[in-house]
Amino acid sequence: MRALYESTVPAPSNRYRGRFAPSPTGPLHFGSLVAALGSYADARAAGGEWLVRMEDLDPPREQPGAADAILAALDAFALEWDGAVMYQSRRGDAYRDGIARLAALGATYPCACTRKELQDSALAAPDGSLVYPGTCRNGLPPGKAMRALRVRVGDAVIDFDDAVQGRIAQDLARDVGDFVVRRADGFVAYQLAVVVDDAAQDITDVVRGADLLDSTPRQIHLQRLLGVPTPRYAHLPVAVNSDGEKLSKQTLAAPIDAARPAPALVAALAFLGQAPPPELARASAPAVLAWAVAHWSRERIPRVRALAAPDVSDNPVTR
Ligand SMILES: [Zn+2]
C-alpha cells in the first residue's frame, strides 16, 4: 500500500460546533440524558452551537417513533438545538461518496469472510476483542464472493488527547485490524457514517459517552484518509447499572420522566461532577440549564469510563 495518508489534514476551526447523536432504539434514558446534557453544556459554555443528529442507520435495531420521542424529550428538557436535525437514514449518497473516495485511494478491499470464518480465524486483541487477521487483504480467496468492504489500517498508531480521559493511543493493526466500512447487509458501517457526518456538519468538538472511546482511533484514521479535520474529543463517563452494564433499552433502563425534567437534569449534572445545589431540582428546566452552562467545568468531570447511575426513578427495573 502507498503512504497511508496522502492529503494534508486541516485543523478544526476555532469556533465551536458540538452535537448530540442518539440512536433511536428507545426512549431517552438517564445515560442518554447525560450525553445530551454534557455535550449541550460544553457547547453553550464555549459560546458554541449544538446540533442534533439521529443515528438511525440500523433499521433492524430501531423502534418506530423513537426518534420523535427523543426530540420531544429534548424539548421537554429545554435542550434547544441549532439548525435542522440530521437523519443518517437520508445520507446514503454522502456515505457512498465517502466509500468511493476511500476506494479511489486504494484504501479498501472486499472481504468474503462469513461471521463464522471471522470467529474461527480472528486474532485476539489485548483486551480480548477479535482482530481481523487480513484473510482477504491481498484478494478474495478463489470462488468466494464479496460480503463486506474493509479499510486498510496499515501500521497506523493513533494517539490523541481526550479532554476528560487523557492521552489515548491505539495500534490499529494490533487492536482492531482492517475494519468494515460497508457491512455485508449493504449498510454503511457506523464508523464511516460518523466521520462523514461530523465533517459535513463541521463538528469541532465531540462530547459523548466513553463507550465510544475505543472507536475514536478508527474514526481518526478515516478522517486522515478522507482529509477532513479531526475534532477535539471529550469522552464522558458512561452510566452503568448495578451489574456494570451500560444503561440501554437492552438493559431495561427506565425512561426518564420528561414531565419532571429538573430533578433528572440535576442528577445528570451531579453524575458529571458539576456539584449542582440540591434546591436546583425545584427550579425550571431552563433555569437548571442556565446554571449548568454558567458553572460548567470540564475539570470536574470524573476521569473514568463508567460510573454507577443514580436511582432517578421509582421504577424497580433501574435498581
Ligand atoms: Zn475476509
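Evaluation of the side chain to side chain contact (heavy atoms under 4.5 Å, CB included) rule for F160 yields D162, I168, L213, T216, P217, I220, Y233 as partners, not counting sequence neighbours. When the side-chain hydrogen bond (donor to acceptor under 3.5 Å, both in side chains) test is applied to D243, no partner is found at least two apart in sequence or on another chain. Under the salt bridge (Lys or Arg N to Asp or Glu O under 4.0 Å) criterion, R19 pairs with D198, sequence neighbours left out. Judged as a ring-ring contact (aromatic ring centres under 6.0 Å, His included), and not counting sequence neighbours, F20 has no contacts. With sequence neighbours excluded, no residue forms a salt bridge (Lys or Arg N to Asp or Glu O under 4.0 Å) with E80. In terms of the side-chain hydrogen bond (donor to acceptor under 3.5 Å, both in side chains) criterion, S121 has no residue partners (sequence neighbours excluded). Judged as a side-chain hydrogen bond (donor to acceptor under 3.5 Å, both in side chains), and not counting sequence neighbours, D155 has no contacts. Under the ring-ring contact (aromatic ring centres under 6.0 Å, His included) criterion, F77 pairs with no residue, sequence neighbours left out. With sequence neighbours left out, the salt bridge (Lys or Arg N to Asp or Glu O under 4.0 Å) criterion links R305 to D214. Partners of Q219 by side-chain hydrogen bond (donor to acceptor under 3.5 Å, both in side chains), not counting sequence neighbours, listed by chain and number: Q191, R208.
A distance-only check finds no donor-acceptor pair linking the side chain of D82 to the backbone of L51 [under 3.5 Å]. Formation of a donor-acceptor pair under 3.5 Å by the Q165 side chain with backbone atoms of V304 is found in this model. Remark: side-chain polar atoms of D205 are not paired, donor with acceptor, to backbone N or O of Y16 under 3.5 angstrom. With R303 contributing its side chain and V164 its backbone, the two residues share a donor-acceptor pair below 3.5 Å.
Scanning both residues, P261 and A258, for their nearest heavy atoms gives CD-O, 3.5 Å. Across all their heavy atoms, G26 and A66 have their closest contact at N-CB, 3.8 Å. Nearest heavy atom pair, residue L74 against residue A36, reads CD2-CB, 4.1 Å. Between H221 and V153 the shortest heavy-atom distance is NE2-CA, 3.6 Å. For the pair V238 and A210, the tightest heavy-atom approach, listed with the atom from each and the gap, is CG2-N, 3.4 Å. For L307 against P302, the heavy-atom pair with the smallest separation is CD1-CG, 3.8 Å.
Neither V151 nor L130 shares a network with the other; the hydrophobic side chains, linked directly or stepwise wherever heavy atoms of I, L, V, M, F, W or Y lie under 4.5 Å apart, form separate groups for each. Under the 4.5 Å side-chain heavy-atom criterion for ILVMFWY residues, no single connected hydrophobic cluster contains both V240 and V34. F179 and F187 fall into different hydrophobic clusters, where Ile, Leu, Val, Met, Phe, Trp and Tyr side chains are chained together by heavy-atom contacts under 4.5 Å. V206 and L212 end up in different hydrophobic clusters when Ile, Leu, Val, Met, Phe, Trp and Tyr side chains are linked at under 4.5 Å. Residues V228 and I203 share a single hydrophobic cluster, defined by chaining ILVMFWY side chains whose heavy atoms lie under 4.5 Å apart.
R147 places a side-chain heavy atom less than 4.5 Å from the side chain of T114. Taking 4.5 Å as the limit, every side-chain heavy atom of Y95 sits out of range of all side-chain heavy atoms of R182. Contact of the P231 side chain with the Q223 side chain is registered, since non-hydrogen atoms from C-beta on lie closer than 4.5 Å.
Distance check: D171 CG to D159 CG gives 11.0 Å after rounding to the nearest 0.5 Å. Taken to the nearest 0.5 Å, the CG atom of D202 stands 5.0 Å off from the CZ atom of R15. Taking CG of L57 as the reference point, atom OH of Y190 lies at 10.0 Å (rounded to 0.5 Å). Expressed to the nearest 0.5 Å, how far CZ of F30 lies from CD1 of I256 amounts to 8.5 Å. Note: L33 CG to L28 CG = 5.5 Å, rounded to the nearest 0.5 Å. Interatomic distance, OG of S23 versus CD1 of I70, reported as 8.0 Å (0.5 Å rounding).
Heavy-atom neighbours of N138 CG from other residues, nucleotides or ligands within 6.0 Å: at or below the threshold of 12. In this structure, R115 places its CZ atom where only 12 or fewer heavy-atom neighbours from other residues, nucleotides or ligands lie under 6.0 Å away.
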Scan the side chains in residues 99-113 for donor-acceptor partners under 3.5 Å anywhere in the protein, sequence neighbours excluded, and list what turns up.
{"from": "R101", "atom 1": "NH2", "to": "L226", "atom 2": "O", "distance (Å)": "2.8"}
{"from": "Y109", "atom 1": "OH", "to": "D178", "atom 2": "OD2", "distance (Å)": "2.6"}

Tell me which donor-acceptor pairs under 3.5 Å the side chains of residues 268-286 have, and how far apart each pair is, sequence neighbours excluded?
{"from": "Q274", "atom 1": "OE1", "to": "S297", "atom 2": "N", "distance (Å)": "2.8"}
{"from": "Q274", "atom 1": "NE2", "to": "L272", "atom 2": "O", "distance (Å)": "3.0"}
{"from": "Q274", "atom 1": "NE2", "to": "S297", "atom 2": "O", "distance (Å)": "2.9"}
{"from": "S284", "atom 1": "OG", "to": "A287", "atom 2": "N", "distance (Å)": "3.2"}

(request) Just do the side-chain contact (heavy atoms from CB on, under 4.5 Å) check on W50 and L79 with the steps written out, would you? (result) CA-CA 9 Å; W50 186 66; L79 292 161; 3.9 Å; yes
(message) side-chain contact (heavy atoms from CB on, under 4.5 Å), that's the test. Do R150 and V180 meet it? Break it down for me.
(response) CA-CA 4 Å; R150 288 182 186 272; V180 170; 3.7 Å; yes
(request) Assess whether side-chain contact (heavy atoms from CB on, under 4.5 Å) is satisfied between Y40 and V52, documenting all intermediate values. (result) CA-CA 10 Å; Y40 172 90; V52 171; over 6 Å; no
(request) May I have the step-by-step check of side-chain contact (heavy atoms from CB on, under 4.5 Å) for E55 and V194, ending in yes or no? (result) CA-CA 9 Å; E55 299 202 326; V194 169; 3.6 Å; yes
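Note on D175 versus R218: no salt bridge recorded, every NZ/NE/NH1/NH2 to OD/OE distance being 4.0 Å or above. For the pair K144 and E117, the salt-bridge criterion is met [side-chain N within less than 4.0 Å of a carboxylate O].
Side-chain contact annotation: D197 with Q201, donor-acceptor N/O pair under 3.5 Å absent.
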